[in-house]
Amino acid sequence: MLMTQMAAESVGVLVRDARTEKGWTQGELATQLGTSQSAVARMEQGKQNLSLKMIQRMESLLEANLFNVGAVSKNAVTHLRVQGGRRLSGSVDVNTSKNAGVALLCASLLNRGTTILRSLARIEEVNRIVELLTSIGVECHWLENNDLQIRRPAVLDLAAMDIAAAKRTRSVIMLLGPLLDEQETYRIPYAGGCDLGTRTVEPHMQALREFGLIVNAHDGFYQVHAPASDTLDRTFVLTERGDTVTENAIMAAAHREGTTVIRNASPNYMVQDLCFYLQGLGVNVEGVGSTTLTISGKSRIDVDIEYAPSEDPIEAMSLITAGIVTKSEVTVRRVPIEFMEIELKVLEQMGLRYLKSAEYTARNGKTRLVDITTLPSELKAAPDKIHPMPFPGLNIDNLPFFAVIASCAEGTTLIHDWVYENRAIYLTELNRLGGRVRLLDPHRIDIVGPVSWRAAEIGCPPALRPAACILLAMLAAKGTSELRNIYVIERGYEDLAERLNTVGAEIEYFQD
């Protein structure tokens, strides 16, 4: 929502008055918002345009209605209006990883000391986990620049768990590893999240049974019976090289005194971040980046630690896609290249021209980053089908973006999404924007391009990446498009619309 200067000044006065009434300084409000004091000062002076989302956040913090937004926002859903067909330009940074952030939040339960996670992605998925942790007694305090300070109590109150928050995220299943023997018996609700078909939790259960955990599913909850503590060495093979399954097994092993060897482990980016954090806690983890991990755990961990998760390769792919489909020269900074190399190689085969900077190191001291500049390119269909594979293959979550890109390429592209039952179906919504996507079966689509994108009104599908794909296609569609009920996007992206606006997009939030 872009505001006139008069409106910005009016809201600025209301913000200042509400802040003063609450007894906060500009610095204190900045800390709660995850921004700088100078940014708050500009807001209060009417020198900074505010999105509807930012106004809503301030309303919640200050417990005040600003610009009459609050009266609407509590029960209304949020939509996006996109003025498409614009060339983009400039540069944008990739934020830290959503999936790594969620894993690190869960892993913080292993630590009796204070954990500070630097530049955490401030997204709905993270908010749900923070709400869940707070409900069981964990102290969570947002600091400046989206840093989060976490300290757990001596005894967690698992009976007080926020069930509503837990049911809105699939990540709740990742509490089983760190909570392994927290209490003799406890329960957590069934996992929620994206609607991507049947995604069984059985691989998690198989991994955790290796530590003696017993879980029975009953009446909407996992009833957990904790194993007795032991110092045994154990070696096992994961039947599925899943990211969250691997993370759960790692977190269980981290607070067992014995040595655990996990074979067929995922070496993906979020798993590596988790391992680097545990190493900082004094847990010996060998084999990071490979499919065999050896973990020598500690029965008690009490360390004050600061850790910065690495950048998100899925967000990097999203921003690169925005440059490609709008035929724009856009620089995407802080791209974790180790986790993007296959994607870029496929794009090269399709004719993408781009520039790549020299490598530099992420704030975690481990992950390799580059800057990627997209150049306007004439694309052709991929010479072979595009399909995901576990790392170091093409990332499963990056696959949907090739549906948008292939729509801009000459020829027919086959995309095989063998992981999820329903996700390919959601990508057929691109047809409402002028795409030519044909569903072959629940896992395969073929795409004919290039297409002439056209504006449309579309309801957000209940899956994060297909929803983001529709938004990116709307950037290329001349005219005014509307994407309705964007909660699923806000689960996985922090201020995506505002950040696209910084490179020339024209997107505004609105509510009915």
Side-chain angles (χ1 to χ4, degrees), residues 32 60-61 101-117 120 122-143 147-193 201 204-205 208 211-230 244 247-256 274 277-278 281 283 297-305 307:
Q32 294 296 319
S60 177
L61 289 169
V102 168
L104 294 167
L105 284 170
C106 295
S108 70
L109 292 174
L110 298 169
N111 185 22
R112 304 281 171 163
T114 299
T115 293
I116 296 179
L117 299 177
L120 201 61
R122 196 78 177 261
I123 56 174
E124 288 301 303
E125 187 82 350
V126 166
N127 290 340
R128 299 294 80 77
I129 298 295
V130 170
E131 288 173 3
L132 194 157
L133 294 181
T134 301
S135 71
I136 61 176
V138 180
E139 295 179 9
C140 297
H141 298 293
W142 288 103
L143 310 175
D147 297 345
L148 182 66
Q149 179 178 290
I150 308 164
R151 189 173 182 89
R152 60 156 289 166
V155 178
L156 295 171
D157 186 2
L158 299 183
M161 184 178 294
D162 186 332
I163 303 303
K167 285 185 174 180
R168 294 182 75 181
T169 169
R170 188 170 187 265
S171 304
V172 67
I173 196 71
M174 291 170 58
L175 293 179
L176 290 176
L179 293 178
L180 187 69
D181 51 8
E182 181 72 26
Q183 293 179 8
E184 186 174 341
T185 61
Y186 57 95
R187 69 177 192 169
I188 63 173
Y190 288 168
V201 297
H204 290 264
M205 304 310 174
L208 295 172
F211 300 90
L213 192 72
I214 299 173
V215 180
N216 296 309
H218 178 67
D219 198 25
F221 287 85
Y222 303 113
Q223 308 288 340
V224 182
H225 300 271
S229 296
D230 64 50
T244 56
E247 289 167 332
N248 241 340
I250 291 170
M251 289 187 283
H255 56 127
R256 283 299 206 232
L274 173 61
Y277 169 75
L278 292 174
L281 293 178
V283 176
K298 300 172 66 175
S299 60
R300 183 176 178 85
I301 301 172
D302 192 343
V303 177
D304 291 341
I305 184 174
Y307 184 79

Are the side chains of Leu148 and Val130 in contact, using a 4.5 Å heavy-atom criterion?
yes
Which pair of heavy atoms, one from Gly137 and one from Pro153, lies closest together, and at what distance?
O-CD, 3.2 Å
d(Asp157 CG, Ser135 OG) to nearest 0.5 Å is 8.5 Å
Restricting to non-hydrogen atoms, name the atom on Gly297 and the atom on Val283 that form the minimum distance, rounded to 0.1 Å.
CA-CG1, 4.4 Å
Considering only distance and modelled atom types, tabulate donor-acceptor pairs under 3.5 Å from the side chains of residues 247-254, sequence neighbours left out.
{"unit_1": "Asn248", "atom_1": "OD1", "unit_2": "Gly177", "atom_2": "N", "d": "2.8"}
{"unit_1": "Asn248", "atom_1": "ND2", "unit_2": "Ile173", "atom_2": "O", "d": "3.0"}
{"unit_1": "Asn248", "atom_1": "ND2", "unit_2": "His204", "atom_2": "ND1", "d": "3.0"}

Distance col, row Ile150:CD1 vs Leu104:CG, nearest 0.5 angstrom, shows 8.5 Å
Expected output: side-chain Tyr277 to main-chain Ala103 donor-acceptor under 3.5 Å
no
Between Leu208 and Val215, does the side-chain contact (heavy atoms from CB on, under 4.5 Å) criterion hold? Intermediate values first, please.
CA-CA 9 Å; Leu208 295 172; Val215 180; 5.9 Å; no
Does Asp304 use its side chain to pair, donor to acceptor, with the backbone of Gly113 at less than 3.5 Å?
no
Give me the atom names and distance for the closest heavy-atom approach of Ala166 to Met161.
CB-SD, 4.5 Å
Examine distances only and state if a side-chain atom of Glu131 and a backbone atom of Ala164 form a donor-acceptor pair shorter than 3.5 Å.
no
Spacing of CG belonging to Leu120 relative to CG belonging to Asp147, to within rounding of 0.5 Å
8.5 Å
Residues at least two apart in sequence or cross-chain that pass side chain to side chain donor-acceptor pair (under 3.5 Å) with Asn127, listed by chain then number, are Glu124
side-chain contact (heavy atoms from CB on, under 4.5 Å) for Asp181 and His255? Distances and angles first, verdict last.
CA-CA 9 Å; Asp181 51 8; His255 56 127; 3.7 Å; yes
What residues, two or more places apart in sequence or in another chain, satisfy side chain to side chain donor-acceptor pair (under 3.5 Å) together with Arg112?
none
Across all chains, not counting sequence neighbours, the side chain to side chain donor-acceptor pair (under 3.5 Å) partners of Thr134 are none
Between CG of Leu274 and OG1 of Thr244, what distance do you get to the nearest 0.5 Å?
11.5 Å
How long is the straight-line distance from OH of Tyr186 back to CD of Gln223, given to the nearest 0.5 Å?
11.5 Å
Under 4.5 Å between any side-chain heavy atoms of Leu179 and Val224, yes or no?
no
Leu110 and Pro178: which non-hydrogen atoms are nearest, and at how many Å?
CD2-CA, 3.7 Å
Kindly compute the distance separating CG (Asp302) from OG1 (Thr114), expressed to the nearest 0.5 Å.
8.5 Å
Go through the structure and list residues passing salt bridge (Lys or Arg N to Asp or Glu O under 4.0 Å) with Asp230, not counting sequence neighbours.
Arg234, Arg256
Do Glu125 and Arg128 pass the salt bridge (charged side-chain N to carboxylate O under 4.0 Å, His left out) test, and can you show the C-alpha distance, the side-chain angles, and the key distance before you say yes or no?
CA-CA 5 Å; Glu125 187 82 350; Arg128 299 294 80 77; over 6 Å; no
Are Leu175 and Leu132 packed together at the side-chain level, in the sense that at least one heavy-atom pair is separated by less than 4.5 angstrom?
yes
Is the closest side-chain heavy-atom distance between Leu176 and Met205 below 4.5 Å?
yes
Residues in salt bridge (Lys or Arg N to Asp or Glu O under 4.0 Å) with Glu182, at least two apart?
Arg152
Contact between Trp142 and Arg122 at the side-chain level, heavy atoms closer than 4.5 Å - yes or no?
yes
